[in-house]
Structure formats: C-alpha cells, structure tokens
Enquirer: 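Attaching a single structure in structure tokens format; questions to follow.
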Amino acid sequence: MRRALSVVSLLMLSVALASCQFSQSEFASQAGKIGSEFAAAATTLRYVHEGRLLRGYADSSFQSYRSMLEGLGPQIPRMNGAPKGKRVERLVRLYRRAEKAVTHPCLDPGCDWRSQLRALNEASHAFQRASQG
Amino acid sequence: MSTRWLQVGLGVITAIGSFVEVGSVTTAAQAGATFGFGLIWAVVLGTCALVLLLDMSGRFAAVSKRTYAGAIRERFGFKFYLLPLSAALVTNCLLLAAEMGGTSIAVSLFLGSEWRRWYPIVALLVWLAFWRAPFKLIENGPALLGLLALSFWVGIFKIGVPSPGLVSTMWHPHFQQGTVSEYLYIAVATLGATVSPYLVVFYSGGAREEKWSRRSLGINRASAVLGNGFGSLTAIALVILSAMVLKPLNIGANTLNEVGLSMARAMGPVGSFMFAAALFATCFGAAVEVLLAMSYNIAQGFGWEWGEEKQPAEAARFNTVGTLFLMAAFIVGLLGVDPVQLTLYATTFTALVLPISLFPFLIVMNDREYLGEQANRPWMNVASVVVLLIAFVIAVVSIPLMVLSGGGG
C-alpha cells in the first residue's frame, strides 16, 4: 500500500514538474489568447475597409471575438503568473481601449476606423509580448 | 463495367469532399497558425490510420455481411459491448454539438448574426435529414458540396510560395517558452479529429445499407485509399494556408471566423464566401453522419431493426434513439461552450479512448470465421496498433499538462 502511494506521489510530482517546464503559466496562456483575439479583430477591421471581407462576415466575427474576450479583462491582474505594478496596469489600460473597438467596431466607411485599428494592434502586440515573458 | 467505374469515382469524390469537418478545420488551422508546418505529420499519420480502418470496416461489412456493433456484441458479449458504446456516446455527443455549432457559425458568416440564433434551426435541419433523407443523399449531397474545400489550394497558389523559414518548420518546429504541451495537445487533437471512430461505424453501416458484397472490395479500397488520401490534402492545405497568413499576424485560430480570414486574404470576399460554404457543407454532412453512426451503433448492438432506407415506423427504435441522442447533443451545445473549444475537447477525448473504441474491432478483423482469407494481414494490425498507441500516449501526457496550465482550448 505504502509503495503504491509512493509511486502515485512520484508520478504526480513528475507531472507537476513537467508542467512547469513544458507548459505556460495561466497568465501567459491567456495573454497569448487575448493578443490573438485583438490581432484577429484588427485584421477583420482592416479587411472590411480594404474590401476583402463582406460586412456580414465581419459582423459575425466581431460577435465571436466579444464572446471570446468576455469577462477576461478584470481577471488579468489576478491570473497566476501575471506581472505586477505598472506593467499590469498598462496591459489593463490597453485591454480596455481595444475592447471598446471590439464592442463597437467601426465597419462603415465614414467613421474613424484607423484609430480603432491602432488600439487593437497596440493591445495585440503588448499581450503577445507579455505572453512570451 | 462503366457503372462500376462511376461508382468508384463517386466513392472517391465523396470521400474527398467529406474529409474535412469541424474537427479537422479547427485542428489544422490551429496547427498551422501556432506551429507552422510542424504538425503536418499528425495529419499524415492520422490519415494513414483512417485509410486502414475504413478499408477494414468496408471489407468486414462486405465479406461477413455483419454490422460493426453486432459483431462486437456477438464476439465479446453484451456487457463488453457497453464499454466502447459508452466511449462513443460521450465523444459523439460532444462532436455532434460541435458539428452543429460549426454549421451555425457558417450560416452566421453569410447572414451576419450571432451563430447561437441559428443553432436550433440547424439542429432541426439535421434531425429532418436523419428522419427523412435517403442514405444516398446523406452520403453524397454534402460531400459533393464539400469539394469547395479544395479552394484552400487555390488560396495557397494565390498567396504564393511559402518562405524557406516556414517550410523548415516541417522538420524543425519552433517552440516558444512553455509551448511543448500545446504542441502535443494540438497533435493529439489532430489525430483524434482524423481517426474518428464514428467514421468506422458510419462506413460499415453504409456498406450494409448499400448491400456490399465481395464484388465491392475494389470500390471499398479505392474510396478508402484514394478518397481519404486526396481528402487529407484539403486539411494539409488549411495547415499551410493558416501558417502562411494567420501565423505572421499572430492570430491563433481560436474561432472558426478567424480561420476564414486566410481565404479572405487570398481571394477577397469570394474566398471568405467559399470558406463559409465549405464549412457549412462539411459540418452539416458530418453532423448527420455522426447522428446516423450513433443510431447504427446502438440499434445494431441491441439487435433492433435499423436502416436509413426504411420508413421511420419500420425502424421505430432506431429513429427514436437517434432523436434522443440529437436532443442530448443539442442541450450540450446550449451550455454556451464555443464550438472550437468543444471540438478540441471531443477530439482529444476521442484520442484518449481510441484503444477502447477500436482494439475490439481489430480483434474481430483477425477472426477468420467472419472474414476467411480476407482477415487482416499482420502489417495492417501492427500499423493500426502503432498509430492508436501513439495517439493514446500523447493524449495521456498532454491532457494533464494542458489542464494544469489552464489551457486546453
């Protein structure tokens, strides 16, 4: 019985150690995902205004991006492995600006879609860098 | 003779058109967007296993004149049959919900509204096809439309030649810090998406519906080898396209909408339209096939009257169990999990339970009482067992790692 417990403990320890070596922290994993969603939103916005994408496709896509990002913003500072202080505050600030562009994307020709594009690209790059440590 | 060649041609073409579905679209796009060409090996390995298993499945039905589930029950007993059945119930329920989600997303890409609005309508259409459509229409209709997925290759040619650095990721994948577990997780999801056991049940059931005999062995081998061989090229095209377009933009293909951006980059609005149409046809076809496969599995295992060609009243329990299974999957889809995440759960779980699902079938395929001289050759057994074990071992290693890191879709 003791031997079995030792083997199980050893196995669990191995998996835990391997997870540190081969896996990302919760923050790195989520930051990568957030960066990817903002990059997708930026590309969708650009493609609509370049005439490469139909409006219906873009509408549906932005709804999906909103759904993927839903509730992630407030969790960023609390995530396991998240940076502290000004670094995380900057990320949260960029997240909020980019989230506005995802919530109300400027898909018509008349509005200022380029500033939304800048916000999305800036947030995407910041989160991608943060996910890589 | 010419009719026979027509049958072979149609078999090959429909196998090509039905190769991709929500599982292969999701995993191929994530593989390319995250690791470049570094996971093409998983598509190739999975296709080899699928070709072997489908060839066995058709051969078994044609020679023994028995059904897959009926043979498992006859050979191992009713209690044992419940084990692979339980694994199939869980994986196919997740997969059916994901396929219906994928179809709904395709509709929303055309019409611009939220995909969840279309989910009940898609479920109703899937049920109607299952309830009333003849087998030939289910087998050939969506698969012929699914040939639109070949446009992924047109997309690649429009974009141009991939850079030498990207090509080198095929044999030397680039890992960012801590992404080994993600690599293994996508590899196992790719294998699970390609070697789906529901395909074996559907193929065997279809062979019985069409009353295959020993004369059908040529059609069987041609459909399995050529159809799936060429079919896998559409999945590989999606890996390449995602690696060329999505990876440089740091888009991870976390939603199906993102996958279509690569076609929009290559061919403009026509490209995104082609992607949405291919997604609709392949996911809808796969949803009906999963539902039909599950109904075959249960009805054949329990010894009930079954068959898509029969009137619903003639095979009442077969149709009822399919309807109940569809309702269960529909409820799973309503829980709000994104179809891409649902697909990853379904495909990794499929890989984990592959030995339970398919080892009993391999034993049956070696039984000369059923197959005579058409029983498996030793190399077929070795090749199948090796792929199933590779998928199982990677699943055992990668799933806990992804759960511990909070990943896994």
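Excluded from the calculations below are hydrogen atoms, water molecules and symmetry mates; all remaining heavy atoms, backbone and side chain alike, are included. Just so we're on the same page: letters track the sequence lines, and every chain starts at 1.
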Enquirer: Is there a donor-acceptor pair under 3.5 Å between the side chain of A/Gln128 and the backbone N or O of B/Asn250?
Expert: yes

Enquirer: Which atom pair, heavy atoms only, marks the closest approach of B/Gly112 to A/Gln63?
Expert: O-NE2, 3.9 Å

Enquirer: With a 4.5 angstrom heavy-atom cut-off, is it the side chain or the backbone of A/Arg46 that approaches chain B, or both, or neither?
Expert: side chain

Enquirer: Could you go through the side chain to side chain donor-acceptor pair (under 3.5 Å) check for B/Thr255 and A/Ser64 one step at a time?
Expert: CA-CA 7 Å; B/Thr255 65; A/Ser64 289; 5.2 Å; no

Enquirer: Looking at every heavy atom in both A/Ala40 and B/Leu261, which two are closest together, and how far apart are they?
Expert: O-CD1, 4.0 Å

Enquirer: Are the side chain of A/Tyr57 and the backbone of B/Asn257 linked by a donor-acceptor contact shorter than 3.5 Å?
Expert: yes

Enquirer: In terms of heavy-atom pairs under 4.5 Å, which option from A/Gly81, A/Ala58, A/Ser124, A/Ser61 contacts chain B the most?
Expert: A/Ser61

Enquirer: Please report the interatomic distance CG(B/Asn254) to CE(A/Met68), rounded to the nearest 0.5 Å.
Expert: 4.5 Å

Enquirer: Kindly give the heavy-atom pair with the smallest separation between A/Ser60 and B/Ser113, and that separation in Å.
Expert: CB-O, 4.1 Å

Enquirer: Can you tell me which portion of A/Phe38 sits under 4.5 Å from chain B's heavy atoms? Options are side chain, backbone, both or neither.
Expert: neither

Enquirer: To the nearest 0.5 Å, how far apart are CD in B/Glu114 and OG in A/Ser67?
Expert: 6.5 Å

Enquirer: Minimum heavy-atom separation for A/Ser36 and B/Ala253, please, with both atom names.
Expert: OG-N, 4.5 Å

Enquirer: Is A/Tyr95 atom OH crowded by more than 12 heavy atoms from other residues, nucleotides or ligands, each under 6.0 Å away?
Expert: yes

Enquirer: Counting heavy-atom pairs under 4.5 Å to chain B, which of A/Glu37, A/Arg55, A/Glu50 comes out on top?
Expert: A/Glu37

Enquirer: Which answer fits B/Ser108, side chain, backbone, both or neither, if we ask what part of it has an atom under 4.5 Å from a heavy atom of chain A?
Expert: both

Enquirer: Flag the pair A/Leu54 / B/Leu109 as yes when at least one side-chain heavy-atom distance between them is below 4.5 Å, and no otherwise.
Expert: no

Enquirer: So for B/Arg117, is it side chain, backbone, both, or neither that comes closer than 4.5 Å to the heavy atoms of chain A?
Expert: neither

